[in-house]
Structures are given as C-alpha cells and as structure tokens.
2 protein chains.
Amino acid sequence: MKMSNGVEWALHGCVTLSQSRDPVPAARLAELHGTPPAYLAKHLQALSRAGIVRSTAGQVGGYLLTRPAAAITVLEVVQAIDGTSPAYRCTEIRQQGPLAVPAERCDRPCAIARAMASAQEAWYGALADITIADLAAGIDADSEGTAMADVRRWLTSTA
Amino acid sequence: MKMSNGVEWALHGCVTLSQSRDPVPAARLAELHGTPPAYLAKHLQALSRAGIVRSTAGQVGGYLLTRPAAAITVLEVVQAIDGTSPAYRCTEIRQQGPLAVPAERCDRPCAIARAMASAQEAWYGALADITIADLAAGIDADSEGTAMADVRRWLTSTA
DNA sequence: TAGAACTCGGATAGTAAATATCCGAGATCA
DNA sequence: TGATCTCGGATATTTACTATCCGAGTTCTA
C-alpha cells in the first residue's frame with residue numbers, strides 16, 4: 001500500500017500557495033521544493049480539476065488557492081492526487097468456489113469489506129480534521145515562526 | 001493508494017483456517033476461494049514469515065493458524081501481506097531548495113509527516129481492534145449462521 | 001527400510017500503475 | 001498586433017504488483 005509521492009508535493013505546494021496572494025507559477029513551486037517541474041505541474045492539474053486551486057494563464061499567471069487555507073482539508077488534497085477509490089476493494093470472492101454465496105444474498109458488502117471500509121473511514125476522518133492552515137501553523141511553529149515569513153519573502157522576490 | 005489484492009485472499013483464508021483443526025493445503029484454499037493457487041501460496045508464505053500461520057509439509061500437510069482467531073488482528077494480516085512501511089513516506093523536501101531547512105533542525109518529522117502519520121495511526125488502530133474471530137462471526141451472521149458450518153463440512157469432506 | 005507422493009519455498013516472466021518528460025493550445029502584457 | 005509566458009493533455013521510462021513454474025523437504029505407505 002503505497003501512496004503517490006505527489007501527495008507530499010501537493011501538500012507542501014498548498015501550504016506555500018496559502019502564503020501568496022498572487023498567482024505562483026508551477027516552475028516557481030518546483031524550484032522552491034526541489035521537485036521535477038513538469039511532474040509537479042501534472043499534480044497541480046489534478047488539484048485544479050478538484051477545485052482546490054485555480055490556474056491563470058499568461059505572463060503573470062500561475063496557481064492560487066480557491067479558498068482560505070482553513071477551508072481546505074488534507075483529505076481533499078489526498079483524494080485529488082491519489083484518487084477517491086478506497087485502498088481495499090472487495091472482489092466478491094465469496095460468490096466464487098464450491099461454497100459460493102448466491103448474488104441475491106450479496107446486497108450488502110461482506111463482513112470483511114465492512115471492516116476494511118470502517119477502518120478507511122477512520123483514516124479519512126483523521127485527514128478531514130486537518131486543514132492546510134493547520135499544516136502551515138505547524139511548520140511555522142517548528143521553525144519558531146520564521147518559515148512562513150521566509151516563504152512570503154521569497155515568493156515576492158524576483159527570481 | 002491501492003492495497004494489494006492478496007490482502008483479501010489472506011483475510012478470507014485466515015477465516016477459513018480458523019474453522020479447521022487440521023492443516024489445510026494451499027491448493028484447497030485456492031479451490032474454495034476461486035483464486036490462482038500459486039499466487040495464493042505466495043501470500044501464505046508471507047503469513048508464515050509473519051508468524052500468523054504455520055506450515056506443515058508432507059502428505060497430510062498444509063497451513064494452520066498459530067494462535068486462536070481471537071488473538072489475530074486484521075492489522076497483523078494486512079501488514080504481513082502489504083508490508084509495514086507507512087503509506088505516506090516523507091522525502092524531506094523541506095531540506096531542499098533555496099529555503100532548505102538545515103539537517104540539524106530536522107530531528108523530528110515535519111508537520112505534514114506528523115499529520116499523515118497520525119492519520120495512519122487511526123487507520124491502524126481501527127484494524128487492530130478487529131480480529132479474525134470477529135470477521136468469522138460477521139460472515140456467519142450474514143448467512144444466518146450457516147456459512148462457517150458449511151466451511152467446516154467442506155474442509156472435512158474429501159475432494 | 002526404501003520408495004513414492006504430496007507438501008511448501010524461493011526464483012522466474014508478464015502486466016498494470018506510477019514516474020518523469022515533452023510539445024502544443026491559450027491567454028496576457030508590451 | 002506580436003511575442004512571451006502560462007497551463008493542459010499526450011507520450012516514454014521505470015517501478016511495483018500479478019501470476020507462474022520448478023526444486024527442496026517431509027510424511028505416509030508398502
């Protein structure tokens with residue numbers, strides 16, 4: 001069970017975008033985070049499709065959050081990059097083999113699928129309780145309150 | 001984020017093994033569940049390495065649970081098949097780029113990694129609260145108490 | 001006691017997904 | 001109006017999962 005590596009870049013990118021009032025080009029984010037520019041752009045497209053960021057074309061274009069950072073949950077970002085399909089997908093093997101359960105009796109998921117879905121629900125719930133603003137605050141606290149200010153300064157400075 | 005398909009087979013297999021007092025060959029489990037025999041055997045090897053099942057060679061050999069089903073958690077099975085490494089792995093991109101954080105200040109994981117680890121902790125906790133015995137009871141309840149009896153009858157019958 | 005049959009175990013191909021990249025379409029500013 | 005910079009989807013490469021086979025070891029039978 002491996003989560004896409006792009007989730008990390010997307011989360012860091014959203015935190016960075018939360019510090020900017022002007023659009024930030026994908027190349028700029030890639031430079032800041034030390035990631036492949038083209039690949040990061042692909043993930044930003046996914047965020048755009050999910051309605052988390054808004055893209056602007058042209059010379060002063062770039063990406064920008066569509067909502068306040070406090071209104072964007074980590075779960076949204078994870079699902080935008082990694083997909084919404086649950087990690088465990090039941091293939092209904094109870095309907096196969098010599099003791100197959102007739103399909104008419106399989107209206108509800110089997111006990112195993114229910115257990116796995118319940119656990120994933122706990123996972124999603126935890127992710128939904130954290131917002132991009134929380135992450136920014138946590139990173140700021142780790143750096144004794146200088147990290148986000150440094151990001152804002154770097155974003156406004158011309159490359 | 002996609003979990004290995006073998007987890008489903010392993011969980012169903014453990015439930016089946018919990019109904020048998022004699023070793024069950026991998027080929028028998030594969031026949032019951034309608035899965036590729038060789039591939040299922042590979043996953044059973046992983047369960048064996050994790051100490052969840054015990055293998056016996058020879059003519060009357062097969063696989064058997066090492067502990068009562070109530071003492072085996074779903075988390076153990078999932079980790080045995082899918083690995084123990086967390087789904088989200090931080091690549092420490094905070095240490096790269098023009099605003100890189102010096103390594104000396106990275107003694108503890110960054111706020112994003114902490115948040116993701118906390119969520120995974122919730123996931124694991126939910127899986128650890130469910131045992132193989134719970135799954136067997138749930139499946140039995142879905143079938144109005146006939147499923148496990150049918151399994152026991154089928155296991156003792158000669159193919 | 002020797003043989004044979006059946007078992008598991010690790011090493012070996014094939015396939016799908018994720019990773020990484022490039023070039024074209026569209027929009028903005030000079 | 002033109003040039004430059006932006007995003008967006010289509011395209012190769014690598015990784016991990018899926019699936020399989022054959023050899024080593026063990027147990028029962030004759």
Side-chain angles (χ1 to χ4, degrees), chain A residues 1-10 13 17 20 22-31 33-64 66 78 80-83 85 87-89 91 93 158-159, chain B residues 1-10 13 17 20 22-31 33-66 78 80-85 87-89 91 93 158-159:
Chain A
M1 186 176 61
K2 187 171 65 69
M3 178 174 295
S4 170
N5 199 353
V7 171
E8 183 182 7
W9 304 349
L17 289 178
S20 176
D22 299 318
V24 181
R28 208 90 211 286
L29 282 175
E31 180 190 0
H33 297 335
T35 61
Y39 195 24
L40 177 63
K42 182 176 177 59
H43 290 307
L44 286 170
Q45 291 170 25
L47 292 180
S48 178
R49 253 170 282 165
I52 297 172
V53 302
R54 197 67 177 171
S55 64
T56 311
Q59 277 182 328
V60 295
Y63 288 95
L64 206 59
T66 60
V78 169
I81 301 296
D82 215 60
S85 62
Y88 179 88
R89 55 207 145 62
T91 59
I93 68 177
T158 58
Chain B
M1 187 175 60
K2 187 170 64 71
M3 180 174 293
S4 170
N5 198 355
V7 172
E8 182 183 8
W9 305 349
L17 289 179
S20 176
D22 299 319
V24 182
R28 209 91 212 285
L29 283 174
E31 181 190 359
H33 298 335
T35 60
Y39 195 23
L40 176 63
K42 182 177 176 59
H43 290 306
L44 286 170
Q45 290 170 26
L47 292 180
S48 177
R49 253 171 280 165
I52 296 172
V53 301
R54 199 67 177 170
S55 65
T56 310
Q59 276 183 327
V60 295
Y63 288 96
L64 207 58
L65 296 182
T66 59
V78 170
I81 301 296
D82 215 62
T84 57
S85 62
Y88 179 88
R89 54 207 147 61
T91 59
I93 68 178
T158 58

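In what follows, chains carry the letters A, B, and so on, assigned in the order in which the sequence lines appear, proteins first and then strands, with residues in each chain numbered from 1. In what follows, every heavy atom counts, from backbone to side chain, and hydrogens, waters and symmetry copies are set aside.
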Set of side chain to side chain contact (heavy atoms under 4.5 Å, CB included) partners for B:Ala27, sequence neighbours left out |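 Partners of B:Ala27 by the side chain to side chain contact (heavy atoms under 4.5 Å, CB included) criterion come out as none, since no residue qualifies.
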Taking for each residue the nucleotide of DNA chain D with the nearest heavy atom, is it A:Ala38 or A:Lys2 whose nucleotide lies nearer the 5' end?
->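 Here A:Ala38 is the residue nearer the 5' end.
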Would you indicate what A:Gly62 reaches in the nucleic acid, counting non-hydrogen atoms under 4.0 angstrom: base, sugar-phosphate, or nothing?
->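 Sugar-phosphate only.
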Just call it for B:Ala26: base, sugar-phosphate, or nothing, with non-hydrogen atoms closer than 4.0 Å on any strand.
->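 It contacts sugar-phosphate atoms only.
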Could I get the full list of side-chain hydrogen bond (donor to acceptor under 3.5 Å, both in side chains) partners for A:Thr56, not counting sequence neighbours?
->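 None.
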With sequence neighbours left out, write down each residue that passes side-chain hydrogen bond (donor to acceptor under 3.5 Å, both in side chains) with A:Thr91, or none if nothing qualifies.
->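 A:Thr91 satisfies side-chain hydrogen bond (donor to acceptor under 3.5 Å, both in side chains) with B:Glu8 once adjacent residues are dropped.
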Please list, chain by chain and in numerical order, all residues satisfying ring-ring contact (aromatic ring centres under 6.0 Å, His included) with A:Tyr39, sequence neighbours excluded.
->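 Partners of A:Tyr39 by the ring-ring contact (aromatic ring centres under 6.0 Å, His included) criterion, ordered by chain and then number, come out as A:Trp9, A:His43.
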side-chain N/O B:Tyr39 vs C:dG14 OP1/OP2, d < 4.0 Å =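 Answer no for this pair, as no side-chain N or O of B:Tyr39 is under 4.0 Å from OP1 or OP2.
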Restricting to nitrogen or oxygen on both sides, can you table the protein-nucleotides 23-30 of chain C pairs closer than 3.5 Å?
residue: C:dC29; atom: O4'; partner: A:Gln59; partner atom: OE1; Å: 3.1

Want to settle it: does A:Met3 or B:Pro25 sit nearer the 5' end of DNA chain C, counting the closest nucleotide to each?
->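 Here B:Pro25 is the residue nearer the 5' end.
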Take atom CG of B:Asn5 and atom C1' of D:dA16, then tell me their distance rounded to the nearest Å.
->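 In whole Å, D:dA16 C1' lies 14 Å from B:Asn5 CG.
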Tell me which nucleotide among D:dC7, C:dG9, C:dT21 gets nearest to the side chain of A:Tyr63.
->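 Out of D:dC7, C:dG9, C:dT21, the nucleotide with an atom closest to A:Tyr63's side chain is D:dC7.
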Of all of residues 40-50 of chain B, which get a heavy atom below 4.0 angstrom from DNA chain C, listed by number?
->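 Contacts with DNA chain C under 4.0 Å: B:Gln45, B:Ser48, B:Arg49.
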